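Presented below is the structure to which this report refers.
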Amino acid sequence: MEWNYRSAEELATALRAGATTSVELTEQAIARIEREDALINAICVPDFDRARAAAHRADRTRDRGEDLPLLGVPVTVKESYDMAGLPTTWGMPQHANHVPAEDAVQVSRLTAAGAVVLGKTNVPLMLRDIQSFNEIYGTTNNPWDHSRTSGGSSGGSAAALAAGFGALSIGSDLAGSLRTPAHFCGIYAHKPSLGLAPTRGMVAPPAPALPLDLDLAVVGPMARTARDLTLLLDVMAGPDPLTHGLAYDLALPPARHEQPADFRVLVVEDHPLIPTGAAVRAGVHRVAAALVEAGARVEWHSPLLPDLTEAATLYQLLMLSNAATSLSVDVYEQLRARAAALSTDDRSLDAARLRGMVLSHRDWVEADNRRELHRQSWRRLFADFDVVVCPVTPTPAYPHDHRGGLEDRRIDIDGVEHPYFDQLVWAGVATMPGLPATAIPAGRSPEGLPVGVQLIGPMFEDRTPLRLAELLERVIGGFQAPPSAAGGA
């Protein structure tokens with residue numbers, strides 16, 4: 001039997017019933033990767049020998065009558081996570097030989113849950129792109145069209161899932177790095193509430209794996225079904241045992257509702273700073289129509305929605321202030337001079353990014369206080385609504401574009417070019433205040449490319465958007481395999 005496109009839940013059920021073995025599942029997955037990945041380049045660091053050994057251990061564990069949430073299920077891991085004995089490079093050539101001695105906390109949780117790790121998936125340089133390519137491992141292609149990007153920075157994981165390379169993967173998200181690849185490749189991903197899943201060991205080399213509470217950035221699950229997202233989130237979530245875990249236990253509240261007719265949904269299709277392309281707009285409308293048909297209360301406007309322009313500006317300030325910490329003193333001083341020369345009336349996103357890279361601590365605290373006011377506004381909104389539906393990016397996956405610096409690239413939205421980085425404003429809607437957001441498939445573009453939307457929920461109520469994602473999967477359909485057996489167009 002062919003198992004490679006089955007969900008993790010189906011695989012776990014089949015394993016428990018004795019319908020297959022972990023060795024069989026792992027060998028099928030490895031054979032598919034060896035046969036198909038030359039065209040896609042999703043698995044940049046295979047770990048097949050250890051995967052085979054783990055599969056044998058999983059089968060022996062089950063033979064003893066023991067069980068675990070992911071026992072024997074083949075999965076992949078984003079390259080940016082430390083795995084003992086394997087390189088963690090973040091695509092940086094100078095760290096091509098960096099091999100950590102310990103697993104990241106999330107890798108440890110995967111293996112403790114019984115998962116079989118097939119290998120690591122490709123990323124962009126320093127995880128700082130909406131594509132996945134680097135000098136060490138090359139370019140990851142979209143399984144739906146090899147001439148297009150799979151997204152970034154978890155693009156290798158999304159492509160692997162779309163191509164049938166493992167049932168689950170773990171990624172990370174600061175600027176849509178879980179949600180954008182899911183949207184581009186037609187899979188599911190969940191950006192957890194900020195702080196819900198510990199990030200220790202998901203760190204750029206050669207920095208040590210410390211239990212830091214990161215700002216904006218999260219780690220999260222990727223899958224081919226909504227239910228599998230919940231299955232994997234339950235493995236990943238919970239405080240780091242070195243810090244908060246010494247005192248706190250996790251108790252996520254249940255979803256607010258169980259049936260679609262009970263959900264109160266706000267649909268936001270337009271952003272004041274960038275247009276929404278026709279294909280993505282159609283996906284948003286497709287989801288909204290399905291919710292209306294199912295009896296949900298759906299509204300398209302609300303005065304409770306926080307100011308999206310101010311939110312995008314805050315997001316750029318906070319995000320770029322983090323990114324600039326690795327800059328040399330000379331570059332930093334040059335940026336300070338450029339920022340000082342900006343007109344005080346310049347409120348463009350380019351200006352916000354430049355100011356963010358040289359943000360003083362005093363100004364960061366002021367921006368953080370403004371963020372807290374936005375969080376208060378979101379709490380008020382979520383007293384009247386349960387979920388907000390909106391785009392992930394303005395377009396489906398676009399052709400590979402590796403020209404120049406990120407600041408020099410453009411994104412084509414229905415024939416009109418816009419600054420490449422401006423498309424991140426939709427990711428920032430959830431990232432800036434730390435809200436959970438679930439990316440789901442929402443049909444395909446006229447060219448046959450996947451289109452997704454994100455479901456944003458109340459902070460630490462991750463089960464609410466995840467439940468709605470599961471309900472929508474039944475109504476509008478979910479993941480579909482790419483058209484060719486090789487996983488490409």
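Since the model is a prediction, treat every value here as computed from it, not as a measurement.
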Just wondering, more than 12 heavy atoms not from Asp408 lying within 6.0 Å of its CG? yes

Out of Ile43, Ile30, Asp47, Val45, which residue meets the side-chain contact (heavy atoms from CB on, under 4.5 Å) rule with Leu118? Ile30

Looking at Lys120 and Asp82, is any side-chain nitrogen of the basic one under 4.0 Å from a carboxylate oxygen of the acidic one? no

Does a side chain donor of either Ser147 or Asp145 reach within less than 3.5 Å of an acceptor in the other side chain? yes

Where at least one partner belongs to residues 423-436, residue pairs that pass side-chain hydrogen bond (donor to acceptor under 3.5 Å, both in side chains), sequence neighbours excluded: Arg179-Thr431

Heavy-atom distance under 4.5 Å between the side chains of Gln454 and Lys191, does that happen here? no

Going by atom types alone, do His244 and Asp213 pair a side-chain donor with an acceptor below 3.5 Å? yes

Is a side-chain donor or acceptor of Asn41 paired with a backbone partner of Asn141 at a separation under 3.5 angstrom? no

Matching residue for Thr89 among Gln94, His95, Glu79, His98 - test: side chain to side chain donor-acceptor pair (under 3.5 Å): Glu79

Out of Ser132, Ser177, Ser172, Ser169, which one pairs with Lys78 under the side chain to side chain donor-acceptor pair (under 3.5 Å) rule? Ser172

Would you call Asp368 and Arg371 a salt bridge, taking side-chain N to carboxylate O under 4.0 Å as the test? yes

Separation between CE (Met83) and OG1 (Thr111), nearest 0.5 Å, reads 8.0 Å

Determine whether Arg463 and Thr230 make a side-chain contact, defined as any pair of heavy atoms from C-beta on separated by less than 4.5 Å. yes

Note: Arg16-Asp67 ion pair, threshold 4.0 Å (strictly below): yes

Output all residues satisfying ring pair (Phe, Tyr, Trp, His ring centres under 6.0 Å) with Tyr398, sequence neighbours left out; order by chain, then residue number. Phe184

